[in-house]
Amino acid sequence: MDIDERIKLITGVGEEIVTPEELRQLLEEKKNPIAYDGFEPSGLAHLPFGVFRPLLLKDLIKAGIKFKIWLADWFAWINNKLDGDLDKIRTTADYFIEVWKAAGVPTNKVEFLYASDAMDSIEYWNRVVRIAKVTTVARATRALTIMGRKEGEMSEVAAYFYPVMQVSDIFHLEADITQLGLDQRRANMLAREVGPKLGFWKPVVVSHHMLINLEGAKEPEGLTDEVSRDYHLIDTKMSKSKPSSSIFIHDTFDEIRTKINAAYCPPKEVQGNPLLDYAKHLIFRAFDEMKIERKEKFGGDISFTSYEELEKGYVAGNLHPMDLKNSMAVYIDKMVEPVRNHFESKSSARALYEQVKEFQVTR
RNA sequence: CGGGAUGUAGCUCAACUUGGCAGAGCUAUGGACUGUAGAUCCAUCGGUUGCCGGUUCAAAUCCGGCCAUCCCGACCA
């Protein structure tokens, strides 16, 4: 595969790439550059994690990327996920791996690493301190939004370890590319700034889209300061901790249909519309065509072969929200089904699922 | 260790001074209106008033003790 093809694949994954020029240069230098994404093992797997992420990964692997999955157990601990109980977090990490296997992630091409395995390394902490020493308190404070919490929710000094440790991870994992969600932008930018100062490299940042939650992004473009934009993203993204506005890989077809039906979906409007968001980032990434069945009185069946075509039809009013919803439930169910089934049929997977589900309830 | 403040519905808070059926807003749920959702209107759910005891016919309210959180100070560095 030539460089242009590889770039095309990676560009398709990145909603933002810093910088495209550096990406090209990297691909020219390395046949198999290393990329990573980190996850706090917290609750049950939802669409962004169990469906979307594996889809992106498929293209990255195709492009020759060597991918490292960072199970950020210590980070979940710092962030008080699952009562800050490291045992529960470790169990959830194992469940996460199981989700990915079920989702068809080739485990021979992806490396799973636990953060806690690196924590007894003096080099790691030496690096953390060096990063902390070239980072101002103000800068670290701004980066705290990567924890997905707002200012009032954080009161522990431990939070300040989070961004510097995350930057340290990048160099620990020897990542040429940081391929995380757009909400992790601040840590990655910090790494680019700090890397060269400390004799490391400047990672290329390929940030993927954040799927929006079922309630939609209703706020009318608060173009104010950067922090409130971060907050807006935190409020808008599909989050495991807000079950009512998320779809999980364990949801039955009926549950999916009910949730989709209750989703925010203003007619003819694209901005902040979760249904259009899923069509673009899930359906057309996985399928070549989206078929929509309608009764004759509503215009009869219709089919779209690209997102652009669908969006055009929606804006023009040729596609009613309810028809889109009905079809969406079927397609999402199709995507979730293999993962859901895996946890139904394989007993060891089911046991993990049951445990993690318990953690949710206890919370 | 000491001083102060706070603790009431899932969330934000009223009611405490002067004891008398524990309330509002938001959220949630259900209807109305829309061929979805949202918005709007209507209705409903929601409570061991942090815990234990005391005074009283009657305690969220007054008194005592305890617990938790926050602020300030001291001790120790």
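Here is how names work: the chains are called A, B, and so on, in the same order as the sequence lines, proteins then strands, and each is numbered from 1. Here the structure is a predicted model, which is why all the values come from computation and not from measurement.
Distance, A:L275 CG to B:G38 C1': 13 Å, rounded to whole Å. In this structure, A:K242 atom NZ and B:G10 atom P are separated by 19 Å, rounded to whole Å. Going from atom CG of A:L319 over to atom C1' of B:U36 covers 11 Å, rounded to whole Å. The separation between A:N261 atom CG and B:U34 atom P is 17 Å, rounded to whole Å. For the pair A:D235 CG and B:C11 C1', the interatomic distance rounds to 14 Å; values are reported in whole Å. One interatomic measurement links the two molecules: CG of A:N273 to P of B:U36, which rounds to 15 Å at whole-angstrom precision. In this structure, A:Y278 places its OH atom 12 Å from C1' of B:A37, rounding to the nearest Å. Atom pair A:E269:CD and B:A39:P shows a separation of 14 Å (rounding to whole Å applied).
Spacing of P atoms, B:U44 relative to B:G7, comes out at 29 Å, to the nearest Å. Using P as the reference atom, B:A68 and B:C62 are 23 Å apart when rounded to the nearest Å. For B:C70 and B:A15, the P atoms lie 25 Å apart once the distance is rounded to whole Å. Separation of the C1' atoms belonging to B:C75 and B:G2 is 10 Å when rounded to the nearest angstrom. Spacing between B:G10 and B:C52 at atom C1', rounded to whole Å, works out to 27 Å. A gap of 43 Å separates the C1' atoms of B:C41 and B:C51, to the nearest Å. Rounded to whole Å, the separation between the C1' atoms of B:C67 and B:U17 comes to 26 Å. Look at the P atom in both B:U69 and B:A58: the space between them is 35 Å, to the nearest Å.
With both pairing distances under 3.5 Å, B:A60 is matched to nothing as a Watson-Crick or G-U wobble pair. Pair assignment for B:U17: none, as no Watson-Crick or G-U wobble contacts are both less than 3.5 Å. Pairing partner, B:C41: B:G31, with both Watson-Crick or wobble hydrogen-bond distances short of 3.5 Å. Remark: B:C11 base-pairs with B:G25; criterion is Watson-Crick or G-U wobble with both hydrogen-bond distances under 3.5 Å. Across all strands shown, B:U69 pairs with B:A5; the Watson-Crick or G-U wobble distances both stay below 3.5 Å.
By the 4.5 Å heavy-atom criterion applied to side chains, A:I69 and A:F96 are not counted as neighbours. For the pair A:F67/A:D37, a side-chain contact is recorded, criterion being any heavy-atom separation below 4.5 Å from C-beta on.
Residues A:V330 make up the rest of the hydrophobic cluster containing A:F253, defined by ILVMFWY side-chain heavy atoms closer than 4.5 Å, directly or through other members.
Both thresholds, 5.5 Å between centres and 30° between ring planes, are not jointly met by A:Y264 relative to the base of B:G38, so the two rings are not stacked.
A:Y114 pairs by the ring pair (Phe, Tyr, Trp, His ring centres under 6.0 Å) definition with nothing, not counting sequence neighbours.
If you check every strand for non-hydrogen atoms under 4.0 Å, A:N326 touches nothing.
Between A:W201 and A:D176, the side chains place no donor N or O within less than 3.5 Å of an acceptor N or O (distance only, hydrogens not considered).
In this structure, A:K334 satisfies the cation-pi test against A:Y331, with its NZ or CZ atom closer than 6.0 Å to the six-membered ring centre and inside 45 degrees of the ring normal.
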